[in-house]
Undergrad: 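Pasting in a structure now, in structure tokens, and then I'll have a few things to ask.
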Amino acid sequence: MRKKKTIGATIMSVVMGVSLFATGAFGQQMNSNETYRVLIQGPASEKAKAKTSYGVRWEFAANGFTTTVNAQAYQALLHNKNLTIEKVPEVKLAVVNEAAAKQGGTLVTAPSDRTPWGIQAIYNDSAVASTSGGSGIVVAVLDTGVNRNHPDLSNNVAQCQDFSQMKVSWVDGSCSDGNGHGTHVSGTVLANGGNGTGIYGVAPEAKLWSYKVLNDRGSGYSDDIAAAIRKVADQAAGKKVIISMSLGSSTKDSLISDAVDYAYGKGVLIVAAAGNDGSADNTIGYPGALPNVVAVAALENVQQNGTYRVADFSSRGNSATDGDYVIQERDVEVSAPGRAIESTWKDGGYNTISGTSMATPHVSGLAAKIWAANSSWTNAQIRAELQNRAKLYDIKGGISSATGDDNASGFGFPRVK
């Protein structure tokens with residue numbers, strides 16, 4: 001007989017802005033009108049009965065299955081001594097209003113620069129970044145969806161699915177972005193210049209798989225993210241695929257970590273934000289902190305003079321492993337531009353926002369560009385090349401004399417050669 005258990009809610013966040021990651025505990029009183037996303041584990045016969053009674057949202061062979069139940073059903077499950085019940089971690093956007101999300105930027109109908117500073121920086125401070133790169137590579141952006149009709153993105157959207165709906169497994173052809181965050185990060189990866197007046201991303205010839213795992217309020221659940229990761233992995237056969245996730249949690253989640261291992265084993269490169277929890281040691285979030293994920297910290301341009309340092313909001317890894325040349329769990333791996341980043345927005349225009357959310361797609365786009373030029377390479381070789389190209393910057397913005405990796409910027413800022 002298995003002992004039942006419950007866990008507190010882990011709040012995951014889209015990694016945008018300087019406020020990130022909060023946790024809280026579920027109280028004992030239940031709201032009769034509330035629903036609960038739960039993970040159910042136990043003997044096959046007992047799980048079969050539960051599936052018949054409550055239905056299945058996602059089936060995870062090694063982790064049980066998830067479903068959504070009302071308060072009465074949740075209480076009944078807790079009293080079933082043959083099952084283990086866990087509340088699925090809830091995912092929420094950390095920035096609660098659009099004004100905060102702008103981070104000092106404004107919504108505009110035309111970009112201030114067709115190659116924003118982050119793109120120029122990754123192209124070795126070139127005033128005119130390349131308008132090509134990424135051909136034959138797929139970047140799967142797991143986020144709030146995308147405005148697939150944005151003129152800078154429309155020709156790149158190859159696939160679009162919604163994992164955030166409550167009553168279906170996923171919805172093909174639906175990935176509308178009422179939030180803006182997913183459209184923004186997608187543009188940094190692969191915006192293609194649009195009709196001649198738009199912006200360019202790092203790899204404008206790459207193809208986009210947009211998987212909406214958070215709703216328009218920036219809310220969702222870790223099982224939807226895990227299911228999306230597995231869906232990408234299952235479709236990656238014969239392709240070069242990168243998963244880009246500008247989201248995170250302060251707590252490790254088994255559904256996502258197992259899905260990451262599954263995808264990495266199938267040759268997918270996975271890139272995720274380090275988090276925006278500030279400069280204290282060991283503040284990096286998950287899934288970025290997982291060993292099979294490239295965790296990206298955020299850089300800022302020092303006085304706009306072409307030197308870079310880690311932004312104060314960017315989460316740090318484990319300083320005890322600084323300089324060991326090895327990326328372990330809870331280590332930052334690389335860093336990229338993340339403050340005041342201009343990119344595509346949900347309304348067809350452009351917006352400027354900050355966070356490790358914005359740093360992540362720079363690295364995803366760079367990985368796509370490198371992979372397109374080295375099609376025989378594996379995901380592990382692309383990851384090693386990102387490390388090889390990286391340069392460390394000290395706190396004042398100069399190139400550091402340190403070697404190996406550090407807890408703030410990892411191996412440093414990788415760029416186009």
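This is a predicted model, so every value here is computed, not measured.
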Undergrad: Judged by atom type as modelled, is there a donor-acceptor pair below 3.5 Å linking the side chain of K207 to the main-chain atoms of N155?
TA: yes
Undergrad: When the ring planes of W117 and Y308 are compared, do they come out parallel, tilted or perpendicular, using 30° and 60° as the limits?
TA: parallel
Undergrad: Is there a donor-acceptor pair under 3.5 Å between the side chain of R37 and the backbone N or O of S222?
TA: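 Answer holds: no.
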Undergrad: Check the side chains of D277 and T283 for a donor-acceptor pair under 3.5 angstrom, ignoring hydrogens and angles.
TA: no
Undergrad: Please enumerate all residues that pass side chain to side chain donor-acceptor pair (under 3.5 Å) together with S154, with sequence neighbours excluded.
TA: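 With neighbours one apart ignored, the set is empty.
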Undergrad: Below 4.5 Å, heavy atoms only, C-beta onward: do S210 and R148 meet side chain to side chain?
TA: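 With C-beta onward as the side chain, the pair stays apart.
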Undergrad: According to side chain to side chain donor-acceptor pair (under 3.5 Å), who are the partners of N192, at least two apart in sequence or on a separate chain?
TA: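 Testing N192 for side chain to side chain donor-acceptor pair (under 3.5 Å), a comparison that skips the adjacent residues, returns N156.
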Undergrad: List for me each residue that meets salt bridge (Lys or Arg N to Asp or Glu O under 4.0 Å) alongside E300, sequence neighbours excluded, and say none if there are none.
TA: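 Result, salt bridge (Lys or Arg N to Asp or Glu O under 4.0 Å) vs E300: R309, R339.
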Undergrad: Given 3.5 Å as the limit, does a donor-acceptor pair link the side chain of K346 with the main chain of G178, or not?
TA: yes
Undergrad: Tell me, please, which residues at least two apart from E385 pass side-chain contact (heavy atoms from CB on, under 4.5 Å).
TA: I370, W377, N388, R389, K417
Undergrad: Is there a donor-acceptor pair under 3.5 Å between the side chain of R114 and the backbone N or O of G198?
TA: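 Present.
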Undergrad: Is the Y221 to W58 ring centre distance short of 6.0 Å?
TA: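 Y221 vs W58: aromatic centres not under 6.0 Å.
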Undergrad: Check the pair R230 / D258 against side chain to side chain contact (heavy atoms under 4.5 Å, CB included), numbers first and verdict last.
TA: CA-CA 9 Å; R230 289 178 176 274; D258 287 354; 3.9 Å; yes
Undergrad: Have H181 and S246 got a donor and an acceptor in their side chains that come within less than 3.5 Å?
TA: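 Per modelled atom types, H181 and S246 side chains form no pair under 3.5 Å.
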Undergrad: Check step by step if side chain to side chain contact (heavy atoms under 4.5 Å, CB included) holds for V185 and S343.
TA: CA-CA 7 Å; V185 299; S343 188; over 6 Å; no
Undergrad: Answer yes when R57 and D224 have at least one side-chain N-carboxylate O distance shorter than 4.0 Å, and no when they do not.
TA: yes
Undergrad: Out of curiosity, L190 CG to I137 CD1, how far, rounded to the nearest 0.5 Å?
TA: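 If we round to the nearest 0.5 Å, L190:CG and I137:CD1 are 12.0 Å apart.
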Undergrad: Among residues at least two apart in sequence or on other chains, which ones pass side-chain contact (heavy atoms from CB on, under 4.5 Å) with D405?
TA: D324, I327, D331, F411
Undergrad: Please check this pair: side chain of E205 against backbone of G133, looking for a donor-acceptor N/O pair closer than 3.5 Å.
TA: yes
Undergrad: Should V138 and Q235 count as side-chain neighbours, where that means a heavy-atom distance under 4.5 Å?
TA: no
Undergrad: Between Q387 and A384, is there a donor-acceptor pair closer than 3.5 Å when you use the side chain of the first and the backbone of the second?
TA: no
Undergrad: Under 3.5 Å, is there a donor-acceptor pair between the side chain of H184 and the main chain of I341?
TA: yes
Undergrad: Is there a side-chain contact between N179 and L214 in this structure, where contact means two heavy atoms from C-beta onward sitting under 4.5 Å apart?
TA: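 No; the side chains remain at least 4.5 Å from each other.
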Undergrad: With a 4.5 Å heavy-atom cut-off, do L290 and K252 have their side chains touching?
TA: yes
Undergrad: Any chance you could lay out the side chain to side chain contact (heavy atoms under 4.5 Å, CB included) test for T378 and R383, step after step, and finish with the verdict?
TA: CA-CA 9 Å; T378 66; R383 185 175 186 178; over 6 Å; no
Undergrad: Using a 4.5 Å cut-off on heavy atoms from C-beta on, say whether the side chain of M358 contacts that of I353.
TA: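 Side chain of I353 against side chain of M358, heavy atoms only: contact under 4.5 Å found.
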Undergrad: Is a side-chain donor or acceptor of K47 paired with a backbone partner of L83 at a separation under 3.5 angstrom?
TA: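 Pair absent, no side-chain N/O of K47 close to backbone of L83.
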Undergrad: Cationic tip of K231 within the cone over F163's six-membered ring, i.e. under 6.0 Å and within 45° of the normal?
TA: no
Undergrad: Please tell me whether D152 and T344 have a donor and an acceptor in their side chains that are separated by less than 3.5 angstrom.
TA: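 Side-chain D/A pair, D152 to T344: absent.
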Undergrad: If only side-chain N and O atoms count, and only distance matters, is there a donor-acceptor pair under 3.5 Å linking Q75 with Y36?
TA: no
Undergrad: Does any N or O in the side chain of R316 come within less than 3.5 Å of the main-chain N or O of A297, such that one atom is a donor and the other an acceptor?
TA: no
Undergrad: Looking only at heavy atoms, which two atoms of L142 and L247 are closest? And how far apart?
TA: O-CD2, 3.6 Å
Undergrad: Take V141 and V146, measure what side chain to side chain contact (heavy atoms under 4.5 Å, CB included) needs, and give me the verdict at the end.
TA: CA-CA 9 Å; V141 175; V146 70; over 6 Å; no
Undergrad: Can a donor-acceptor pair be found, under 3.5 Å and without considering hydrogens, that links the side chain of R330 to the backbone of N282?
TA: yes
Undergrad: For the side-chain hydrogen bond (donor to acceptor under 3.5 Å, both in side chains) test, which of D406, N407, D281 pairs with S319?
TA: D281
Undergrad: Does K391 have more than 12 heavy atoms from other residues, nucleotides or ligands lying within 6.0 Å of its NZ?
TA: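 Check fails, neighbour count at 12 or below.
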Undergrad: Hey, could you give me the OG1/CE distance between T360 and M245, rounded to the nearest 0.5 Å?
TA: 9.5 Å
Undergrad: Is there a side chain to side chain donor-acceptor pair (under 3.5 Å) between D261 and N292 once you walk through the steps?
TA: CA-CA 7 Å; D261 291 345; N292 284 332; 3.0 Å; yes
Undergrad: For S279, what residues pass the side chain to side chain donor-acceptor pair (under 3.5 Å) criterion, not counting sequence neighbours?
TA: none
Undergrad: Can you find a side-chain donor-acceptor pair between D234 and Y262 that sits under 3.5 Å?
TA: yes
